[in-house]
**Q** 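There's a structure below that I have some questions on.
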Amino acid sequence: MGWTLHVLLLGLLLPGLQAFKPLLGNSITHREITEMAILRKTTEVCRALAITEGRDFPIPTGGRLSASIVQRACSPNDGSLWSTVKFKASIITMYLSNAAVDVIYLMSARYHFDREEFTEGRALITDGMVSIKANVRQENFISARFTLGKICHTLQDFYSHSNWIELGKKHPNTNLIQPDESIGNIADKDTPTCRNCIGGDCRDNILPEIISEGKITSGYFSIFSSSKPAGKCSHGGFIDRTSHREPIGGINKDNDGADHGHLHRAAAAMAENATMELLEDIRSAGGESNFLQLMGITRSSVLCFVIDTTGSMSDDIEAAKRVAFSIIDSKKGTQDEPSSYILVPFNDPGVGPLTRTRNSDIFKLRINALSATGGGDEPEMSLSGLLLALSSAPASSEIFVFTDASAKDVSLRSTVIALIESTKSVVNFLLTNALSARRRRDTNGNVSTRMSPLGNQLYQELAETSGGHAIVVIKDTLPQATDIIVDSSTTGLVTVLQVVRNPGRTDNFSFTVDASLRNITTYLTGSSLTFSLISPSGVSQNSSASDGPLGTIKVVGNLHTIRLDTQTGLWEIRVTSTQPYTLKVTGRSSIDFVYNIVEDLEGSGSDFTLKEGRLQAGGNGTLLLSVVGGDSLTVTEVSLVGVSGLRVENSSLKPLGEGDYLVTVEKVPDESFVILLKGVDGMRWSPQNGFQRQSNTQLKASSLTLT
């Protein structure tokens, strides 16, 4: 409905019918209205902050707006586009949530202001605003974004489905976002509002007395019945059965070809301004900082620690405290200073309490108050602690788990994996004495271990699924692992390549380094391995050279860190091992991408909404992919790569504009897979302007489809 019709789902039932589009089309869509309102309001807020701080704001009034342009203007001290991906991801979340209303609430009149249900529709908006403001106060921004997209759809539909524009109104109906104010002079149920269209011309089908008396009405709609009260207007359109009953025709302005399509663009402009008013109300309630975080304009990720506080961790906790304090102090006052801090302690059987704060000093106090007590030589509640962190941290967070014991609550494994997939967060485990296993003697003198081989495998699996590391250290070398935490919580970190080999085998890997990449780092996690690197110029370095021509190599426990010299072009690395290992190449760059699994509702590549659950193994799949970091970026290839490295599924691409692409895969791998993107920065490919990026999170297909 809305700038669509009510019939997105109908394409599944009646093939061949043309429905109006919620996201794409020649007319103005919900997507465009929502995205432009967000860009405009975010620009207003950032301009006001710039004036307050006495600095110039680079976007002129009326200037072109995009996610990259607005992000750059709102983050002048960063000197780059480090966080554009989060801003773009937030916008996509909101407009996909907006589009979903036409699927989930297809026939519910109040969600679309049909059938003159103005009071009911206004209640949906104002109740949603209460929920958004409460979630913003609690920093539950993900939930707030979904609700915001949803109520924006209803608000925008008012201007397409009612006669507000026909009444000659020049400004939005502000009382739609005020719960206790009058919506206006609403026509009662017994008052006729329309007359027949003449020869298909519906421009004057609203009764003159309705216009002269300033009465508000909207159309009736049904795909099942032609029934409507005598004299009432219809929504209109081929499949609206009420519009074929007198008074014939409709009044919707959903697109240029609608019954009142001559007013479509005026209605869309009014809907955009109304969305701006709603956003301003949320900003005034929560303040500029919270509003910008809600929009996805954020300095960097959170720093999230999940720490085992059982008795055996006494020495390790003290080492973890020193590591944490060092990291916090090193980032304070820099562009990499975390936007907030999260701490989740876990013991046996207790988990929490969770601490979330923007104040680094408070965070340090909470960490310093941790002490190792209780527990025994049994596994601990590590997955419960991780689950709480995943549920509380923003999407795409970096989470660090400190423990020396196996998980007691292994039944949560599938839940944790599902949450990793949905949040796209990265989980890193720092396992003290995990492989050698801290050994103790029980009362009978027998040696016991807190970390079983299966326990370590579970942590390794979760780390690999999320794109993180399972680092095995001892207390004395834990501080040396600080670099991985510092690097992983750096603003603008992108993944160039990540592979898993389990079981281990000798293999060659290649990856492209582009000119935008800085601080390029390669991580190899595993035991009993050797490797050699070859640069684009043909220079080589093997793992025995800690400081060679291509970079420096550092080994902590089972983690090899190689800091590469920046050289654009195709790199190669050859890894030799019979044991399982992971390889990850990262760097800092403005070029990145976000993706969402969507559902193509009619098979046309035009109508789609967010898909709940996983893709179907062996079936086709659709992704909405957005690349950010420049105006001259072109995606040339998107593949689903099986983690075994033996299967690659290519895709077809449909450009949507502004860096967005609809990606269609004919056959989804039946093993875990990652998304690999390749493209060019410029008009044509060369070794200097080609780039590649990869998703952190491993995705799994399902053999089940829930309908």
Side-chain angles (χ1 to χ4, degrees), residues 85 88-89 92 396 421 424 426 464-467 494-502 505 507-514 516-517 522 569-573 575 582-587 589 591-600 605 608 611 614-629 633-656 659-681 684-687 689-702:
V85 68
K88 186 69 174 181
I92 292 171
S396 304
E421 289 182 27
K424 303 182 178 75
V426 178
E464 291 172 359
T465 297
S466 70
V494 300
T495 299
V496 179
L497 177 70
Q498 178 160 301
V499 295
V500 177
R501 290 296 178 263
N502 188 5
R505 67 175 186 266
D507 214 337
N508 296 322
F509 309 97
S510 61
F511 56 92
T512 300
V513 171
D514 60 89
S516 73
L517 281 166
T522 299
L570 188 67
W571 286 71
E572 295 181 24
I573 182 169
V575 182
T582 63
L583 167 67
K584 185 173 186 178
V585 181
T586 68
S589 173
I591 301 174
D592 202 357
F593 74 100
V594 292
Y595 67 90
N596 286 276
I597 300 173
V598 296
E599 197 161 10
D600 190 345
F608 53 91
K611 177 179 173 60
R614 293 170 170 166
L615 293 168
Q616 185 175 4
N620 57 23
T622 306
L623 303 173
L624 176 63
L625 184 146
S626 299
V627 62
V628 298
L633 302 175
T634 302
V635 176
T636 58
E637 179 183 332
V638 176
S639 305
L640 305 188
V641 181
V643 294
S644 67
L646 301 177
R647 183 169 179 183
V648 177
E649 295 293 342
N650 295 318
S651 66
S652 60
L653 302 176
K654 179 179 181 179
L656 306 180
D660 295 343
Y661 293 82
L662 199 63
V663 180
T664 303
V665 181
E666 292 299 325
K667 190 174 183 180
V668 176
D670 53 10
E671 64 173 313
S672 296
F673 60 89
V674 294
I675 301 169
L676 178 64
L677 173 149
K678 295 183 179 181
V680 295
D681 185 2
R684 60 181 62 183
W685 187 92
S686 74
N689 64 7
F691 67 89
Q692 74 176 64
R693 298 292 184 268
Q694 185 181 297
S695 63
N696 277 313
T697 310
Q698 289 182 11
L699 299 176
K700 291 179 172 61
S702 174

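Predicted, not measured: the structure shown is a model, and the values here were computed from it.
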**Q** Val494 versus Thr586: any side-chain heavy-atom pair under 4.5 Å?
**A**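 A side-chain contact under 4.5 Å is absent here.
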**Q** Is any side-chain N of the basic residue among Glu421 and Arg614 closer than 4.0 Å to the acidic one's carboxylate O?
**A**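 Yes, charged N to carboxylate O under 4.0 Å.
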**Q** Would you mind reporting whether Leu653 and Glu637 have side-chain heavy atoms less than 4.5 Å apart?
**A** no
**Q** Of all the heavy-atom pairs spanning Ser516 and Ile591, show the shortest one and how long it is.
**A** OG-CD1, 3.6 Å
**Q** Quick check: do Val598 and Leu623 have side-chain heavy atoms less than 4.5 Å from each other?
**A**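 A side-chain contact under 4.5 Å is absent here.
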**Q** State plainly whether the residues Asp514 and Arg693 are in salt-bridge range, i.e. N to O under 4.0 Å.
**A** yes
**Q** Using side-chain heavy atoms (C-beta onward) and a distance below 4.5 Å, is Ile675 in contact with Val638?
**A** yes
**Q** Any side-chain heavy-atom pair from Leu497 and Phe509 closer than 4.5 angstrom?
**A**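 Yes, their side chains come closer than 4.5 Å.
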**Q** More than 12 foreign heavy atoms under 6.0 Å from NZ of Lys678: is that the case here?
**A**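 No, the 6.0 Å shell around NZ holds no more than 12 heavy atoms from other groups.
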**Q** How far apart are the closest heavy atoms of Ser651 and Val663, and which atoms are they?
**A** OG-CG1, 3.3 Å
**Q** Might you point out which heavy atoms bring Val665 and Asn650 nearest each other, and give the distance in Å?
**A**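 The answer is CG1-O, 4.0 Å.
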**Q** Is any side-chain heavy atom of Gln692 closer than 4.5 Å to a side-chain heavy atom of Leu677?
**A** no
**Q** I need the minimum non-hydrogen distance between Ser626 and Asp660, along with the two atoms involved.
**A**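 Of all heavy-atom pairs spanning Ser626 and Asp660, the closest is OG-OD1, 2.5 Å.
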**Q** What residues, two or more places apart in sequence or in another chain, satisfy side-chain hydrogen bond (donor to acceptor under 3.5 Å, both in side chains) together with Glu666?
**A** none
**Q** Return the OG1 to CZ distance between Thr636 and Phe691, rounded to the nearest 0.5 Å.
**A** 7.5 Å
**Q** Which atoms form the tightest heavy-atom contact between Gln698 and Ser672, and what is the distance?
**A** OE1-CB, 3.7 Å
**Q** Against the six-membered ring of Phe673, is Lys700 placed for a cation-pi contact (under 6.0 Å from the centre, within 45° of the normal)?
**A** no
**Q** With sequence neighbours excluded, tell me which residues meet side-chain hydrogen bond (donor to acceptor under 3.5 Å, both in side chains) with Glu649.
**A** Arg647
**Q** Tell me yes or no: between the side chains of Asn596 and Lys611, is some donor less than 3.5 Å from an acceptor?
**A**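 On atom types as modelled, these side chains do not qualify, holding no pair under 3.5 Å.
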**Q** Identify the heavy atoms of Leu633 and Tyr661 that sit nearest to each other, and give their distance.
**A** O-OH, 4.1 Å
**Q** Do Val496 and Val513 have side chains that get closer than 4.5 Å, going by heavy atoms?
**A** no
**Q** Taking C-beta and beyond as the side chain, do Glu464 and Thr582 meet within less than 4.5 Å on heavy atoms?
**A**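 Yes, their side chains come closer than 4.5 Å.
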